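Being a predicted model, the structure only gives us computed values, none of them experimental. Both ligands and their constituent atoms are indexed starting at 1 by order of listing. Note: hydrogens, waters and symmetry copies are ignored here, and every other heavy atom, side chains too, is used.
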Amino acid sequence: VHVSSEGIRGLLLDVEGTTTPVSFVYDTLFPYARARLAEFVGEGSADPDLGLVRREYDLDQGPGKPGWEGGEREGALTYLRFLMATDRKSTALKEVQGRIWKEGYRRGELRGQVYPDVPPLLERCRAQGVLAAIFSSGSVLAQELLFSSTGAGDLRPFLRAYFDTRTGPKTDPRSYERIGAALGVLCPQLLFASDTPAELEAARGAGLRVVHCVRSGGAGSSFPVIHSFDGILA
Ligand SMILES: [Mg+2]
């Protein structure tokens with residue numbers, strides 16, 4: 001579909017599968033953090049994340065939890081590797097990964113990836129006075145690092161705000177209402193792009209306009225489909 005800027009005052013973008021290949025997360029970011037875990041998880045009280053990991057471990061009632069053996073650092077490393085292997089949504093894991101990625105970007109070993117149609121889309125937003133913002137389950141820190149270091153340069157000047165799951169789940173309409181309020185844009189004037197139908201459903205439930213971003217394949221959709229951003233605000 002083609003969406004003009006008529007009646008649109010804000011554009012809200014999902015990251016994985018929408019602005020950025022899903023493979024960037026699974027084939028680049030996750031392995032990078034996994035390989036450097038031991039380097040970054042320190043000894044005793046010097047590392048505040050150790051306490052966070054231990055608290056989560058003690059509260060974890062889930063199946064398959066490994067034993068906590070060989071001291072605080074070894075116990076934490078074993079548990080963090082378990083959380084990574086089982087792709088668990090863990091605050092402690094996200095904190096540690098965030099720290100590792102931040103250093104990776106600083107060293108220039110990591111560069112953010114966006115599809116080539118993303119920078120021109122953000123330029124059209126700016127030219128047309130449409131606010132652009134991000135809503136991703138990756139932390140706000142991870143989002144800012146990604147968009148600061150893309151092959152097209154630092155895209156942060158084009159982005160008004162970043163939202164992560166602290167705003168609420170991406171499948172809850174209230175999250176989108178909060179984002180509209182935070183941006184000062186009425187929900188019907190906010191366009192949300194994502195590759196995930198459950199997120200589109202929630203956004204539509206809050207009154208947003210939505211487009212289903214399908215980067216590969218051609219499965220049917222009950223939402224307006226785009227294969228690139230070329231027809232958005234164009
Ligand atoms: Mg996505």
Side-chain angles (χ1 to χ4, degrees), residues 1 3 10-33 84 87-90 93-94 97-98 101 110-119 121-122 125 132-152 155-156 158-180 183 187 190-206 208-233:
V1 295
V3 180
L11 175 66
L12 185 63
L13 297 166
D14 165 57
V15 175
E16 283 179 48
T18 301
T19 64
T20 297
V22 174
S23 63
F24 177 65
V25 178
Y26 286 92
D27 297 343
T28 301
L29 289 184
F30 285 171
Y32 186 89
M84 284 182 174
D87 201 13
R88 286 264 296 273
K89 307 292 173 226
S90 151
L93 176 59
K94 277 197 174 177
Q97 285 173 326
W101 292 331
L110 290 173
R111 301 285 305 271
Q113 261 182 42
V114 294
Y115 286 107
D117 54 350
V118 172
L121 171 73
L122 295 176
C125 283
I134 303 295
F135 187 23
S136 167
S137 47
S139 69
V140 166
L141 170 66
Q143 297 173 31
E144 290 186 278
L145 290 168
L146 193 164
F147 285 99
S148 70
S149 65
T150 76
L155 298 178
R156 289 174 301 175
F158 294 94
L159 294 164
R160 171 62 63 97
Y162 308 85
F163 301 94
D164 59 24
T165 49
R166 286 177 295 180
T167 298
K170 294 181 80 182
T171 51
D172 183 346
R174 287 172 297 184
S175 304
Y176 298 87
E177 289 166 4
R178 286 185 204 111
I179 289 172
L183 293 173
C187 287
L190 193 52
L191 176 67
F192 177 54
S194 171
D195 61 323
T196 303
E199 298 172 5
L200 297 167
E201 191 67 56
R204 192 161 66 179
L208 277 71
R209 292 177 65 178
V210 299
V211 285
H212 187 177
C213 191
V214 180
R215 290 293 185 173
S216 60
S221 172
S222 52
F223 303 96
V225 169
I226 56 168
H227 297 288
S228 84
F229 285 117
D230 292 345
I232 301 298
L233 307 181

Among the N/O/S atoms of [X], select the one at the shortest distance from the Mg ion (ligand 1) and name it.
X    : result
D195 : OD1
D14  : OD2
E16  : O

L11 side, atom CG; L191 side, atom CG - distance, nearest 0.5 Å: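 Result: 5.5 Å between the selected atoms.
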- prompt: Regarding R215 and the six-membered ring of Y115, is the cationic atom NZ or CZ under 6.0 Å from the ring centre and inside 45° of its axis?
  reply: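 R215 over Y115 ring: yes.
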query: So among V1, V3, T18, which one has a side-chain contact (heavy atoms from CB on, under 4.5 Å) with I226?
result: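 Running side-chain contact (heavy atoms from CB on, under 4.5 Å) over V1, V3, T18 with I226 returns exactly one hit, V1.
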message: Using the side-chain contact (heavy atoms from CB on, under 4.5 Å) definition, which of the options L200, D195, T19 pairs with D14?
response: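 It is D195; the other options fail the test.
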